Amino acid sequence: MGEALNRENVLTALQGVVEPELGKDIVTLNLVSDLKISGNEVEVVVKSSNPAMHARARMQEAVEFALERAFGREVKVLVQIATLKAEERTPETRKVLPGVKHIIAVASGKGGVGKSTVASNLAVGLAQLGYRVGLCDADIHGPSVPTMFDVAEEKPEPIEMGERTLIQPIEQYGVKVLSIGFFADPDQAIVWRGPMASRALTQLFTDAHWGPLDYMIVDLPPGTGDIHLSLVQQVPLTGAVVVSTPQEVALADARKGVGMFRLDSVNVPVLGLIENMAYFVPPDAPEKRYHIFGQDGAKRLATSLEVPFLGELPLIQSIREAGDAGRPAILQGDSEAALAIHGVIAKLVEAIDSKKETHR
């Protein structure tokens with residue numbers, strides 16, 4: 001005689017079924033849905049992270065075996081295995097970066113707009129707010145994050161995790177940092193073909209011990225190429241932030257960047273635009289502002305593209321000096337630069353929270 005056939009006992013029995021690729025049971029992972037019990041008949045839908053036919057067949061057999069073992073062979077079990085859709089995946093049910101809640105790509109349509117500076121300051125600012133933060137420097141052609149964090153001479157150490165050897169990110173200013181720059185000669189240009197670059201980037205995500213994080217900031221290479229498409233296909237991005245200056249040529253490229261994320265094959269939400277180098281403040285006349293590259297260009301672009309405008313950051317000498325010295329400008333307390341970056345971060349967090357609300 002088996003257990004009494006009720007919902008509680010069925011879920012207890014299904015806790016013995018482990019999702020092999022995720023390493024946890026299907027109840028804990030919230031993969032059990034549409035559970036119906038009628039007489040001696042159990043009908044249940046189980047989501048599978050692996051769409052392959054053989055994987056779904058194994059999951060069906062495991063569920064049937066678990067229920068027959070708990071309730072006896074006289075119970076009639078009807079199991080439907082459904083593929084877990086991308087939008088249904090939680091941090092626990094992802095294969096890549098399973099412990100990361102939000103993965104934010106920082107992109108720019110062209111180089112030279114301060115994308116890496118913005119990415120570094122966003123990461124440190126989020127860490128200052130108490131979040132667990134990682135920064136992955138995916139700009140393989142010009143990795144500058146090690147310099148901006150004053151860790152250019154550091155070498156990530158291997159760490160044993162069960163049967164695997166993983167890379168341990170470098171920690172600085174409360175942020176876990178990994179960059180392709182750690183594994184290359186700083187005096188030698190990195191020239192890789194697309195497939196090689198994609199494999200290198202994949203390793204930064206899959207072969208590293210990032211651990212649980214609230215935010216992962218990914219500093220993308222400038223432009224809109226194969227590397228970007230490869231990344232978004234492998235890494236489950238929460239959304240993207242596009243950085244531009246007010247200059248018309250930069251805005252044209254920023255428009256292309258937003259368009260790339262909106263492609264049907266990419267479909268990554270654009271969380272907003274940031275206008276960098278928005279205005280120049282003379283050190284000897286801090287009350288004055290000069291709009292050297294134009295005024296409100298990114299703000300107007302954000303309005304026309306119907307994406308949030310996250311704010312403007314000034315062209316201040318101290319921001320450049322702070323990056324070169326390996327101490328992001330947001331560490332400068334209540335300076336104008338730090339306050340402006342904090343304002344952008346507040347709007348970014350708001351945009352992410354708004355996105356979560358609309359998907360509930």
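None of these values were measured; they are calculated from a predicted model.
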Enquirer: If we ignore hydrogens and angles and just use 3.5 Å, is the side chain of Lys155 paired with the main-chain N or O of Phe182 as donor and acceptor?
Expert: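 The answer is yes, because a donor-acceptor pair under 3.5 Å joins these two groups.
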Enquirer: Flag the pair Val42 / Leu5 as yes when at least one side-chain heavy-atom distance between them is below 4.5 Å, and no otherwise.
Expert: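 Yes, close enough: below the 4.5 Å cut-off.
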Enquirer: Same cluster for Ile81 and Leu78 if Ile/Leu/Val/Met/Phe/Trp/Tyr side chains link at under 4.5 Å?
Expert: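 Each belongs to a different hydrophobic cluster.
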Enquirer: Test of understanding: clusters of I, L, V, M, F, W, Y form through side-chain heavy atoms closer than 4.5 Å, transitively. Do Leu31 and Val18 belong to the same one?
Expert: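 Different clusters.
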Enquirer: Check whether any side-chain heavy atom of Ile104 sits under 4.5 Å from a side-chain heavy atom of Val218, and report yes or no.
Expert: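 No, their side chains stay 4.5 Å or more apart.
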Enquirer: Determine, stepwise, if the pair Leu178 / Ile170 fulfils side chain to side chain contact (heavy atoms under 4.5 Å, CB included).
Expert: CA-CA 7 Å; Leu178 264 190; Ile170 302 295; 5.6 Å; no
Enquirer: Within the 4.5 Å heavy-atom criterion, are Val177 and Pro169 side-chain neighbours or not?
Expert: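 No; the side chains remain at least 4.5 Å from each other.
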Enquirer: Heavy-atom distance under 4.5 Å between the side chains of Asn9 and Phe71, does that happen here?
Expert: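 Asn9 reaches Phe71 side chain to side chain.
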Enquirer: Without placing hydrogens or testing angles, list every side-chain donor-acceptor pair under 3.5 Å for residues 118-131, not counting sequence neighbours.
Expert:
residue : atom : partner : partner atom : Å
Ser120  : OG   : Ser116  : O            : 2.9
Asn121  : OD1  : Ala329  : N            : 3.1
Asn121  : OD1  : Ile330  : N            : 2.9
Asn121  : ND2  : Thr117  : O            : 2.8
Gln128  : OE1  : His342  : NE2          : 3.4

Enquirer: Are a donor atom and an acceptor atom from the side chains of Asp25 and Thr28 found within less than 3.5 Å of each other?
Expert: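 Thr28 and Asp25 do have a side-chain donor-acceptor pair below 3.5 Å.
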Enquirer: Cluster question for you: counting only ILVMFWY and a side-chain heavy-atom cut-off of under 4.5 Å, with indirect links fine, are Ile26 and Val45 together?
Expert: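 Different clusters.
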Enquirer: Which pair of non-hydrogen atoms, one from Ser179 and one from Asp137, has the smallest distance, and what is that distance?
Expert: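 Heavy atoms of Ser179 and Asp137 come nearest at OG-OD2, 2.9 Å.
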Enquirer: Nearest 0.5 angstrom please: Leu11 CG to Asn6 CG, how far?
Expert: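 Here the interatomic distance stands at 9.0 Å.
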Enquirer: I need the minimum non-hydrogen distance between Thr165 and Pro158, along with the two atoms involved.
Expert: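 Taking every non-hydrogen atom into account, CG2-CB, 3.7 Å.
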Enquirer: Would Lys256 and Val242 satisfy side chain to side chain contact (heavy atoms under 4.5 Å, CB included), going step by step from the backbone distance to the final call?
Expert: CA-CA 10 Å; Lys256 294 176 186 176; Val242 177; over 6 Å; no
Enquirer: Run the side-chain donor-acceptor check on residues 33-40: report pairs under 3.5 Å with partners two or more places apart or on a different chain.
Expert:
residue : atom : partner : partner atom : Å
Asn40   : ND2  : Glu74   : O            : 3.0

Enquirer: How long is the gap from NZ on Lys347 to CG on Leu271, to the nearest 0.5 Å?
Expert: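 Going from the NZ atom of Lys347 to the CG atom of Leu271 covers 14.5 Å.
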Enquirer: Is any side-chain heavy atom of Leu305 less than 4.5 Å from a side-chain heavy atom of Arg255?
Expert: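 Contact flag for Leu305/Arg255 side chains = yes.
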Enquirer: Apply side chain to side chain contact (heavy atoms under 4.5 Å, CB included) to Asp150 and Arg327, showing your working.
Expert: CA-CA 7 Å; Asp150 194 24; Arg327 283 185 57 82; 6.0 Å; no
Enquirer: Within the structure provided, determine whether Met59 and Glu19 are in side-chain contact (heavy-atom separation under 4.5 Å).
Expert: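 A side-chain contact under 4.5 Å exists here.
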Enquirer: Phe261, Ile217: one ILVMFWY side-chain cluster at the under-4.5 Å cut-off?
Expert: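 Yes, Phe261 connects to Ile217 through the hydrophobic network.
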Enquirer: Nearest 0.5 Å, what's the CE-NE2 distance between Met161 and His209?
Expert: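 It is 4.0 Å, given to the nearest 0.5 Å.
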Enquirer: Give the C-alpha distance, both sets of side-chain angles, the deciding distance and a yes or no for side chain to side chain contact (heavy atoms under 4.5 Å, CB included) between Tyr215 and Ile352.
Expert: CA-CA 11 Å; Tyr215 291 96; Ile352 294 170; 3.5 Å; yes
Enquirer: State the CD-CZ distance between Gln80 and Arg56, to the nearest 0.5 angstrom.
Expert: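 With rounding to 0.5 Å, CD (Gln80) is 8.5 Å from CZ (Arg56).
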Enquirer: Do any N or O atoms from the side chain of Thr238 and from the backbone of Ile103 form a donor-acceptor pair under 3.5 angstrom?
Expert: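 Answer holds: yes.
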Enquirer: Which atom pair, heavy atoms only, marks the closest approach of Phe149 to Tyr173?
Expert: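 Answer, listing the atom of Phe149 first, then Tyr173: CD2-CD1, 3.7 Å.
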Enquirer: Minimum heavy-atom separation for Val75 to Gly72, with atom names?
Expert: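 In terms of heavy atoms, the two residues are closest at CG1-O, 3.0 Å.
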Enquirer: Check whether any side-chain heavy atom of Lys176 sits under 4.5 Å from a side-chain heavy atom of Leu135, and report yes or no.
Expert: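 SC-SC contact between Lys176 and Leu135 ruled out.
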Enquirer: State, to 0.1 Å, how close Val113 and Ser108 come at their nearest heavy-atom pair, and which atoms those are.
Expert: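 Here Val113 and Ser108 meet closest at CG2-CB, 3.5 Å.
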Enquirer: Does any part of the side chain of Pro146, heavy atoms only, come nearer than 4.5 Å to the side chain of Glu153, both counted from C-beta?
Expert: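 In short, these two side chains do not touch, never coming nearer than 4.5 Å.
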Enquirer: Spell out, as yes or no, whether a donor-acceptor pair under 3.5 Å connects the side chain of Lys115 to the backbone of Leu220.
Expert: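 At least one qualifying donor-acceptor pair exists.
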Enquirer: May I have all residue pairs that pass salt bridge (Lys or Arg N to Asp or Glu O under 4.0 Å) and include part of residues 200-215, sequence neighbours excluded?
Expert: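 Residue pairs passing salt bridge (Lys or Arg N to Asp or Glu O under 4.0 Å), neighbours aside: Lys101-Asp214, Arg132-Asp214, Arg164-Asp207.
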Enquirer: Looking at CD1 of Ile341 and CD of Glu336, how far apart are the two atoms once the value is rounded to the nearest 0.5 Å?
Expert: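 The distance works out to 10.5 Å.
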Enquirer: Do the side chains of Val145 and Leu204 join up, straight or via other hydrophobic residues, at under 4.5 Å, putting them in one cluster?
Expert: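 Yes, one cluster joins them.
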Enquirer: Of all heavy-atom pairs between Ala66 and Val17, which one has the smallest distance, and what is that distance?
Expert: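 Minimum heavy-atom contact is CB-CG2, 3.7 Å.
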Enquirer: Would you give the length of the straight line joining atom CG of Leu301 to atom OG of Ser244, rounded to the nearest 0.5 angstrom?
Expert: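 That separation rounds to 7.0 Å.
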